[in-house]
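Just so it is clear, the model here is predicted, and its values are computed rather than measured.
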Amino acid sequence: KVGHFAIAIDGPAASGKSTLARELAQRLGLVMVNSGAMYRAVTWQVMQAGVDPENPAAVAEALEHMVLDCGVDGLDSTLTINGVDPGEALRSSEVNAHVSQVSAVPEVRRKLVELQRSYLDHSDVVMEGRDIGTAVFPETPYKIYVDADPAVRQERRCAAGEVDSVSDRDRRDSQRQTDPLRVADGARVLDNSGHTVESAVEEALVILREQGLEIPLLEP
Ligand code: CDP
Ligand code: CDP
């Protein structure tokens with residue numbers, strides 16, 4: 001087999017990217033990579049180190065002292081930062097409140113995009129984030145932009161028990177200079193507002209087939 005491929009799933013906060021990517025990974029036997037977890041890990045470490053997440057120069061300096069280790073465990077991806085798996089801390093209200101500022105720092109993006117691309121040295125992946133179809137894997141033909149009504153997204157996120165302002169993150173993620181959130185060239189938009197998880201997966205499989213992905217039929 002020549003080379004590995006990526007399915008790129010992008011979209012705004014709480015649109016259902018992770019849920020869809022996880023289901024697709026299971027159905028297709030691919031490794032699922034949540035790129036947002038990498039940005040969250042750097043943000044968590046910035047705060048652990050007592051660095052001001054609003055100061056881009058200080059964040060870039062702190063990044064020099066971070067060792068990120070990204071791997072694979074079955075179809076899941078794994079992540080440690082300076083030897084620690086931050087676990088649930090990645091979804092704390094503090095990380096939610098600062099991750100978009102840290103993610104806007106160009107040095108942070110350069111380092112994480114390189115790590116994200118290196119997954120293709122070993123595996124086919126479903127990767128979800130904000131710039132996977134535009135910046136990480138612009139050449140892949142398999143691209144889906146998952147959207148949903150802002151009120152639906154905020155409600156789904158709160159129902160999951162998290163403290164998070166999805167509109168603040170969306171604004172920062174769409175307006176930053178480096179690789180802002182936008183619909184990639186060649187991406188198909190999947191509106192998740194009225195979908196169940198299962199019907200969203202079915203629509204995604206139809207889109208991927210139309211984009212040329214060979215998908216084995218499910219065993220009866
Ligand atoms: O909570 P949600 O799943 O919507 O967010 P996430 O995917 O965990 O991403 C958290 C934050 O990381 C985003 O709000 C972006 O600021 C940043 N991010 C990014 O800049 N680029 C990516 N490819 C993924 C995430
Ligand atoms: O990764 P992202 O922040 O885009 O969203 P998520 O964490 O996968 O999904 C946000 C919430 O929406 C989760 O609680 C899902 O169970 C729920 N949901 C979904 O993902 N897809 C649907 N069609 C309906 C609900």
Provide the full list of ring pair (Phe, Tyr, Trp, His ring centres under 6.0 Å) pairs with a residue in residues 130-164, sequence neighbours left out, each pair given once.
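Pairs touching residues 130-164 that pass the test: F5-Y142.
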Decide whether L112 and W44 are clustered together by the hydrophobic rule: side chain heavy atoms of Ile, Leu, Val, Met, Phe, Trp, Tyr closer than 4.5 Å, transitively.
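Yes, L112 connects to W44 through the hydrophobic network.
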In the single-linkage hydrophobic clustering (I, L, V, M, F, W, Y; side-chain heavy atoms under 4.5 Å), do V183 and L190 co-cluster?
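No, separate clusters.
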Could you list the residues that satisfy side chain to side chain donor-acceptor pair (under 3.5 Å) with [X], not counting sequence neighbours?
| X | answer |
| --- | --- |
| R188 | E210 |
| T196 | S199 |
| Q175 | none |
| S103 | none |

Does [X] have any salt bridge (charged side-chain N to carboxylate O under 4.0 Å, His left out) partners at least two apart in sequence or in another chain, and if so, which?
| X | result |
| --- | --- |
| E114 | none |
| D164 | R157, R169 |
| R153 | D170 |
| R171 | D168 |

Residue pairs passing the side-chain hydrogen bond (donor to acceptor under 3.5 Å, both in side chains) test where at least one lies in residues 11-24, sequence neighbours excluded:
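Found S18-E128.
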Got a sec, which pairs hit salt bridge (charged side-chain N to carboxylate O under 4.0 Å, His left out) with one end in residues 50-77, sequence neighbours left out?
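Those involving residues 50-77 do not exist here.
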Kindly state each residue pair satisfying salt bridge (charged side-chain N to carboxylate O under 4.0 Å, His left out) with at least one member in residues 87-107, sequence neighbours excluded.
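Pairs touching residues 87-107 that pass the test: R91-E162.
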